Structures are given as structure tokens and as C-alpha cells.
Amino acid sequence: MNEVQVVALTQSAGGHTIHHNSIFSPDDEWIVFDGRNDDTKIGETSTIGMVHVKTGEERMLYKTNNQTVYGPGVGAASFSPKENTVLFIHGLYDADAVKPYDMTRRFGLAIHTDKPMQGIHMDARDVVSPYRPGSLRGGTHSHCWSNDGQLISFTYNDEFVDPDLRVVGVMIPADKEIVVPVSNGNNNGTYYSAIVSDVVREPKWGSDEISKAFDECWLGGSGQFTIAFQGNTRNEKGETITEIYTVGIDPEMIRKDAAAVGREGERPRVPNGVRQHRLSRTVKGLSDLRHWLRASPDGSFVYALAKDDKGQNQLVQCEVSTGELTYISRFDFSISSPINISYQGDKITFVANNNVYVFWLKSKKLEKLTSNSVTDLKIVGVPVFSRKDDKIAFNQFVAEKESEYIQIKLINLVD
């Protein structure tokens, strides 16, 4: 990489927050974003848009009705890898001061980019017992398309039972629309949803039980569907550490167990035949800095962050066939953002010291792509590779008059 060009892509006054994955359209012509100017304000955000990577043209894709500070709220948008379809979080339509936007009160909505404002409910939500198989009754979040665009993973919190216990779930194509009763908090769904991670409130010390499943990725390359996710377990001393787990996804097996939807007073359970496996077994576990796992294109390695002896976040690589976890970086600084891997699988990007970096996995070469000081306006979120790996998009605050807005900047990687 001999030359790097950084371009300020968005200009309009307002937030332009990008998701942590799959923000480029399948042809790499557009980047999807939501209108947040604060990462924590999905519930107050009303717009989903996209911007053309060459012209900077912005288009509105979706806008909520009757938006207030309590909801409904939208955010965290990503493109299907195969179609011009955008998927994002949407809060419940009846959000108000009594029941505002919440991690247990949201679902996934999709938009075809040539049909703006025409939302498609992806996961069905049913809060009227007996519950319809394939539906959920909480909130899905941080949706992630499988590599072929067929399935969607997500994290989930139930609204009624153990709402603080986060789990990982999956949406698979439904034979027909999941139709639920008309009621506040309910919506039909075009996908069949299920929970695929088992959690308990108090894991046994030294066991493989987990109290939280979160921040996952898809493993590719095998011709089968597998999700790798982070799980909080207890070591022999009773300390909570985060390890890597995997679960194979068999859509047919998931559809067969209609009773997995659960009954009133229960959380949805994992379908029969679906079982998670612990992959890594370490002393300290992964870093507590929030980040999402990333996988090599062939599914043989999972990448994550873990702290070194100085407490600095470093890159680690876990071999899927053995579970062996290895530190692959020894930077003299601490990584301060989630990570992303290129589609070719040869490099990882992240933020440290208010700059965007690329780390080449084979040569172990580190390149700083921006030239900010720590006193410059802050880079936020995580850099994301384009599908051709010739661009990296990232978010940074930009001053305009007396305000500061999250804008999208584009790094053109020129070989």
C-alpha cells in the first residue's frame, strides 16, 4: 500500500453513524448509515440513509413516524451482501414515556433501497400467549448477515423473563410469513427466529456454562452455517472471563422444534439438536472492551481483542480446529475500537490513539492511515472495509459552526 487518500464523504449537518459490519452495498457504490450523532441514542434517532461513495449524494431510506425522545428509534444499519436490502434496528411503534425504546423492545426492519419507506418486518414479535413458533417477545439487535446473505444472526434480550440475560439468536428463511395476533408490541415476520445460545444466571465455577452470549460473527468456508460468539463464563476461582464459543446452525432442525418458542413465564429456548461448544480456554479471557468477533474467509480462524500483561488491547487469533488462542500483535499502544477483517482476510483495521490503522496478518506490518493528534476531534466506532477491500470507511466528529457532527470519511487504499 503505497498511497492513502482520506476523503470527507458526508457533509450535511447531522449524524451519520455507520454500523460495525456490512455497511457497503453489494456493488460498493453506497454506504448505509443512521442519523445518530451519539452512539447511545438509537431510541431518539429517526432516520436511515445512504451516501454514494463517489459523489457524496445522500438519500433518505427510512424515517420513523411520530418520533420522540422515547422512541420508536432506528439505527445500526447494514447491507445484505447479495441484494440492495438494508436491515436495521427499529424500536416498537408504541414507544412512549412509560414504555420507551429499550433493548427488550425492538426488532429488525428491512428496506429495499429502490422502495424507500416501505419497511419489511424481519423477525416476528408475539407477546400474546400461546406464542407463535418462529416468533420472539423481546428485542433483537446488532443484526449480522451470513456470508451468503441467507441467514441473519443477532443478540437478544427478552422483555418478560430474565431481560438482563443477553443471548445470541438467528433468523432463517420461513416457509411462509410468521403471522401473530394484532396487539400492541406485536408484528409479523418474514423470517423464522430462534435462540441458539444457552445461558444461566450463575455459571458453575470451572464449567463451560455462560451467563451472557454476545457480539458474534459468522464462520465461512465450510459450506455449513456456524456462528462464533463471546460467552461470559466462570473460571475455577469464580472470576468472570470471556471465552469464544461456536454453534452450528441447521435451519431444518430449528424449524422442527416448534415448542422452542416457549410458554408464558419462560424465555425462548434453544431448539433440540442445536448445541453450543466452547472453543477457547484461556487464563484471562478476551478483552472487556466491547468488540465483535471476526473470522477468516475460510472459517479457520477467529480474531478478537485480549489484554496483554500491561493491560493493553492486542489482536489475538483463535484456531477453530484446536481452540488455541495466540497473540498476534505486540503494539506499544492499546487498541481502542472494535476490529474488522478485510474480505480477502489478509488485514485487520482498528482505531488507536485517534487514528485508523491497518495490520497485515502475514507480514505483521502495521500502517497508520490517518494523521490525527489525540486532541483532534474524535474518531468513533469501528472502521469498515469495502467489499473490494480498496476502501475503509470510518466515523469522525467534524466541526461545523458551533456544532460537531459525526461524519463519514473514506480512506482510498491505492496500491
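Model, not experiment: these values are computed from the prediction.
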For this session: Verify, without hydrogens or angle tests, whether N340 (side chain) and P383 (backbone) share a donor-acceptor contact under 3.5 angstrom.
Result: yes
Problem set entry | Pairing of D198 and R275 as salt bridge, 4.0 angstrom limit | no
Exercise. With respect to N232, which candidate in I241, I210, V199, T240 satisfies the side-chain contact (heavy atoms from CB on, under 4.5 Å) definition?
Worked result: T240
For this session: Taking the six-membered ring for Trp and the single ring otherwise, decide whether the centroids of F331 and Y357 are under 6.0 Å apart.
Result: no
Problem set entry | Donor-acceptor contact present, side-chain D126 to main-chain R132, <3.5 Å | yes
Problem set entry | E44 side chain to Q67 backbone, donor-acceptor under 3.5 Å | no
Problem set entry | Heavy-atom check, side chain of V356 versus side chain of T349, under 4.5 Å | yes
For this session: Answer whether the closest heavy-atom distance between the side chains of Q396 and N372 falls below 4.5 Å.
Result: yes
Exercise. Taking the six-membered ring for Trp, are F154 and Y191 ring centroids under 6.0 Å apart?
Worked result: no
For this session: Please check if the side chain of N412 supplies one atom and the backbone of K391 the other of a donor-acceptor pair under 3.5 Å.
Result: no
Exercise. Would a 4.5 Å heavy-atom cut-off, applied to side chains only, mark R387 and S22 as touching?
Worked result: yes
For this session: Could you tell me whether R330 and D308 make a salt bridge, using a distance below 4.0 angstrom between a side-chain N and a carboxylate O?
Result: no
For this session: Compare every heavy atom of H90 with every heavy atom of L109, then report the nearest pair and how far apart it is.
Result: CD2-CD2, 3.6 Å
Exercise. Is the backbone of I379 close enough, under 3.5 Å, to the side chain of N354 for a donor and an acceptor to pair up by distance?
Worked result: yes
Exercise. Centres of the F350 and Y303 rings: under 6.0 Å?
Worked result: no
Exercise. Can a salt bridge be assigned to the pair D94 and K99 using a cut-off of 4.0 Å between side-chain N and carboxylate O?
Worked result: no
Exercise. Taking everything shown except D148 itself, do over 12 heavy atoms lie less than 6.0 Å from its CG?
Worked result: yes
Problem set entry | Validation row: N313, K307 side chains within 4.5 angstrom (heavy atoms) | yes
For this session: Using modelled atom types only, decide if a donor and an acceptor are shared between the side chain of H112 and the backbone of T85 within a distance under 3.5 Å.
Result: no
Problem set entry | Flag if over 12 foreign heavy atoms under 6.0 Å of CD, E264 | no
Problem set entry | Sidechain N-carboxylate O distance under 4.0 Å for K212, D164 | no
Exercise. Quick check: are there more than 12 heavy atoms from other residues, nucleotides or ligands sitting under 6.0 Å from CD of E324?
Worked result: no
Problem set entry | Sidechain N-carboxylate O distance under 4.0 Å for R36, D34 | yes
For this session: Ignoring hydrogens and angles, tell me if any N or O in the side chain of N157 forms a donor-acceptor pair with the backbone of R105 under 3.5 Å.
Result: no
For this session: Would you indicate whether K115, at its atom NZ, is surrounded by more than 12 heavy atoms from other residues, nucleotides or ligands within a distance under 6.0 Å?
Result: no
For this session: From the options E239, E209, E202, E243, select the one residue that forms a salt bridge (Lys or Arg N to Asp or Glu O under 4.0 Å) with R234.
Result: E202
For this session: Answer yes or no: does atom CZ of R290 have more than 12 heavy-atom neighbours from other residues, nucleotides or ligands under 6.0 Å?
Result: yes
For this session: Mark yes or no for whether E216, through its side chain, and A213, through its backbone, hold a donor-acceptor pair below 3.5 Å.
Result: no
Problem set entry | pair P268-Y156: side-chain heavy atoms closer than 4.5 Å | yes
Problem set entry | Side chain proximity check, L151 to W218, heavy atoms < 4.5 angstrom | yes
Exercise. Are any non-hydrogen side-chain atoms of E159 and R125 less than 4.5 angstrom apart?
Worked result: yes
Exercise. With a 6.0 Å cut-off on ring centres, are H121 and Y93 close enough?
Worked result: yes
Exercise. Between the side chain of D389 and the main-chain N/O of Y343, is any donor-acceptor distance below 3.5 Å?
Worked result: yes
Exercise. Does the distance from a Lys or Arg side-chain N to an Asp or Glu carboxylate O, for K388 and D28, drop under 4.0 Å?
Worked result: yes
Problem set entry | Cation-aromatic face contact R255/Y192, 6.0 Å, 45 degrees | no
